[in-house]
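Below: one structure, written as C-alpha cells.
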Amino acid sequence: MLLCFDASAHPANVFQLPRSCHTFKCRSGNKEQTIYIVGTAHVSAASCDDVRAVIRAVKPEVVMLELCQERTQLLTVQKQDALTLPQAFAAWRTGASTPFQAAYCYLLGQIGDALEVMPGEEFRVALQEASKVDAKVLLGDRRLHITLARVWAALTAWEKTRLVWMFVHSGLTISQIKQELEDDIESLKETDAMTAAIKEMGIEFPALLAPLIYERDLFMVKQLRSLPPKWTRVVAVVGAGHLPGMRQHWDDDIDLEDICKVPENTPSRIKWGRLAATALLTGSCLYYGTVARRR
C-alpha cells in the first residue's frame, strides 16, 4: 500500500531548505520516498538559485519538470537566441524559422529584456544540475495540446473571441509595457507570475482556471506519486502557483483519464498552433497581469 503525506512542517533534512521548497513523503511497504517540490516564479534569478541549491544538496535520482514533450523548446531557448523584431521577420522570410518559431523567440526576447532571466530559466538550470548528479529528468506536465483543447472547449463563443483578441493585442503591444514589467520585477520574484496572471485572467474568463491550473495540479501530483519507489530522492520543479493545489490534493484519488480527455470537435488548427499559442499565452498573461495591477 502506498501512503503519501505532506512533510513540509517536519523536513528530515540535514541542510536548510529554501522557503520555496516543500517536502512530501511516500511510503510503499518498508521503502520511503522523499519528494522535494521547488516552487518557482518562472521569471526570477532567485528561483534559479533555489533550484540549483536543492538539487546540489539532495543529489536526487530523478528531477521532474513542469514541462511536457511539446514544451521542451524552453530547455534550449537562451537569452542570446532571442530575436529582435527585424531579425524575427528576416528569419521567417529566409525560411530559417517558421512564423510561429520567430514570433515565439521574439516575444520571449521582449520579456527577457524587461526581466533579468528568460522565462523557463529554472528548467534549464534544473536540466544542467541534474546532469551533474546523474539524475534522470522526467517531464511531468500534461501534454500542451490536451490543455489547449480543454481550454478551447471550456470557453463560450464570445469568450473565445475576446480571448483571441487579447492574445493578438498583447502580442503586438508587449514591448510598450517594458517599463511596467521592470517596475514590477521585485513583486514578480515573490510569486509565480505566470500563474498569478492566469488567475487574474480567470476573473474575466473563469473557465480558464480548471484546464490551465487545477487539472494540471492533479496531473503533476499523480505523476509524482506514481514514480517507482526505487527512486528514494526526487526533486520536482514547478510554478509556485501550483503548490497550494498540489498540497491540497496530495492524498486524493485522481482519475488521469478524466482530466486527459480531448474534447470532441477540437479544431485541427490547435495542433499546428501550439508553438504560437504558447508564445502568445506567455506574453498575454504577463501583459494582462501587469495591466491588471495598474488598475
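We count residues from 1, following the sequence as given. Below, each value reflects all heavy atoms present in this structure, side chains not excepted, and no hydrogens, waters or symmetry copies.
The side-chain heavy atoms of Y36 and V234, taken from C-beta on, include no pair separated by under 4.5 Å. Counting heavy atoms from C-beta outward, R150 and K261 have side chains that approach closer than 4.5 Å. Between L67 and T72 there is no side-chain heavy-atom pair separated by less than 4.5 Å. Between L227 and L138 there is a side-chain heavy-atom pair separated by less than 4.5 Å. Taking 4.5 Å as the limit, every side-chain heavy atom of C68 sits out of range of all side-chain heavy atoms of R142. L224 has its side chain out of reach of V221: every pair of non-hydrogen atoms, C-beta onward, lies at least 4.5 Å apart. You'll find the side chain of V235 stays beyond 4.5 Å of the side chain of M64, heavy atoms only. Counting heavy atoms from C-beta outward, L17 and T23 have side chains that approach closer than 4.5 Å.
Rounding to the nearest 0.5 Å places NZ of K31 at 9.5 Å from OG1 of T232. Here CD of E66 is found 8.5 Å from CE of M246. Values are rounded to the nearest 0.5 Å. Separation of atoms CD1 (I37) and CZ (F24) is listed at 4.5 Å; rounding is to 0.5 Å. W152 CH2 to E159 CD: the interatomic distance, rounded to the nearest 0.5 Å, is 11.0 Å. For the atom pair SG of C26 and CD of E32, the computed distance is 9.0 Å after rounding to the nearest 0.5 Å. One distance of note links CG of L218 with CD of Q248; it measures 9.0 Å at 0.5 Å rounding.
In terms of modelled atom types and a separation under 3.5 Å, the side chain of R216 and the main chain of P211 share no donor-acceptor contact. No donor-acceptor pair under 3.5 Å is formed between the side chain of R27 and the backbone N or O of Q33. Side chain of T76 to main chain of Q73: a donor-acceptor pair is present (N/O by atom type, distance under 3.5 Å, no hydrogens or angles). With hydrogens and angles ignored, the 3.5 Å screen pairs a side-chain donor or acceptor of D255 with a backbone N or O of E257.
Taking every heavy atom of both residues into account, P263 and A149 meet most closely at CG-O, 3.8 Å. For the residue pair A207 and L155, the shortest heavy atom distance occurs at CB-CD2, 4.2 Å.
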Check against side chain to side chain contact (heavy atoms under 4.5 Å, CB included), V151 and L212: CA-CA 7 Å; V151 166; L212 282 179; 3.7 Å; yes
Show, in sequence, the C-alpha distance, side-chain angles and deciding distance for R71 and D141, and conclude whether the side chain to side chain contact (heavy atoms under 4.5 Å, CB included) test is met. CA-CA 9 Å; R71 292 169 59 211; D141 203 357; 3.0 Å; yes
Stepwise salt bridge (charged side-chain N to carboxylate O under 4.0 Å, His left out) test for E61 and K136: CA-CA 6 Å; E61 295 128 312; K136 184 179 180 65; over 6 Å; no
With side chain to side chain contact (heavy atoms under 4.5 Å, CB included) as the test, would you mind laying out the steps for T40 and D50 before giving the verdict? CA-CA 8 Å; T40 70; D50 287 350; over 6 Å; no
Apply salt bridge (charged side-chain N to carboxylate O under 4.0 Å, His left out) to the pair R52 and E122, showing each step before the final yes or no. CA-CA 8 Å; R52 187 177 292 108; E122 76 274 28; over 6 Å; no
Would you sort out whether K25 and I35 count as a side chain to side chain contact (heavy atoms under 4.5 Å, CB included), showing the intermediate values? CA-CA 6 Å; K25 299 278 188 178; I35 300 173; over 6 Å; no
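Under the rule for a side-chain contact (heavy atoms from CB on, under 4.5 Å), the partners of L127 that lie at least two apart in sequence or sit in another chain are L75, V137. Residues meeting the salt bridge (Lys or Arg N to Asp or Glu O under 4.0 Å) test with R56, sequence neighbours left out: E129.
Residues R233 and T34 have side chains that never bring a donor and an acceptor to within less than 3.5 angstrom of each other.
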